[in-house]
Amino acid sequence: MDFFHPLPKRDSAPCPSCGKHTLQDEMICCHCGYEFTAKDRRLHNLYIEHQSRKGKILAVKVFPILFVVLTILYILWKR
C-alpha cells in the first residue's frame with residue numbers, strides 16, 4: 001500500500017438514465033439496468049478526465065494561495 005494512495009482510485013461517472021455513479025468498466029448500470037451505448041462510454045470517459053483536471057487545477061492554484069495567506073496571517077498574529 002502506497003503512503004500517498006492508500007486506496008485504489010476507482011473512476012466513476014453518472015449514469016445517463018438514473019444519474020447515480022457507475023464504475024468506468026461497467027457496461028450496464030448496476031442501479032437501473034441501463035445498457036451503455038458507445039456514445040455513453042465516450043461521455044463517461046470525458047467526464048472522468050474532466051474531474052481529474054479539476055483536481056489538478058485545485059492543487060496547483062488554490063493550495064499555494066491558501067498557504068501564502070495563512071503564512072501572512074501567522075506573521076501578523078505573531079507581532
Side-chain angles (χ1 to χ4, degrees):
M1 214 187 278
D2 190 12
F3 178 74
F4 294 107
H5 300 285
L7 297 174
K9 183 179 175 191
R10 301 185 72 187
D11 294 329
S12 66
C15 170
S17 177
C18 67
K20 294 183 180 179
H21 278 251
T22 58
L23 296 178
Q24 184 177 16
D25 299 332
E26 293 180 352
M27 298 302 285
I28 298 174
C29 177
C30 59
H31 305 287
C32 67
Y34 177 78
E35 198 168 327
F36 297 119
T37 62
K39 181 181 177 184
D40 294 333
R41 304 293 309 149
R42 282 193 302 275
L43 293 174
H44 210 248
N45 290 333
L46 286 174
Y47 176 86
I48 291 169
E49 289 174 19
H50 176 71
Q51 293 298 326
S52 176
R53 271 188 258 121
K54 277 179 39 179
K56 291 174 186 173
I57 290 171
L58 180 70
V60 171
K61 291 182 179 178
V62 173
F63 291 122
I65 292 170
L66 182 64
F67 179 74
V68 169
V69 168
L70 290 176
T71 304
I72 290 170
L73 289 174
Y74 178 76
I75 290 171
L76 292 174
W77 180 69
K78 281 299 210 177
R79 283 187 171 188

For residues 28-39, tabulate all N or O donor-acceptor pairs below 3.5 Å that involve a side-chain atom, not counting sequence neighbours.
unit_1: H31; atom_1: NE2; unit_2: H21; atom_2: O; d: 3.2
unit_1: Y34; atom_1: OH; unit_2: D40; atom_2: OD2; d: 2.7
unit_1: T37; atom_1: OG1; unit_2: D40; atom_2: N; d: 3.2
unit_1: T37; atom_1: OG1; unit_2: D40; atom_2: OD2; d: 3.1

For I75, all residues meeting side-chain contact (heavy atoms from CB on, under 4.5 Å), sequence neighbours excluded: T71

Which residues share a side-chain contact (heavy atoms from CB on, under 4.5 Å) with K56, sequence neighbours left out: S52

Hydrophobic cluster partners of Y74 (side-chain heavy atoms under 4.5 Å): W77

Evaluation steps, side chain to side chain contact (heavy atoms under 4.5 Å, CB included), between L46 and E49: CA-CA 5 Å; L46 286 174; E49 289 174 19; 4.3 Å; yes

ILVMFWY cluster membership beyond F67 - transitive side-chain contacts under 4.5 angstrom: none

For the student: nearest non-hydrogen atoms of A13 and I48, plus distance: CB-CG1, 4.3 Å

Non-neighbouring partners of E26 that pass side chain to side chain donor-acceptor pair (under 3.5 Å), sequence neighbours left out: none

Side-chain touch T22/H44, heavy atoms, less than 4.5 angstrom: yes

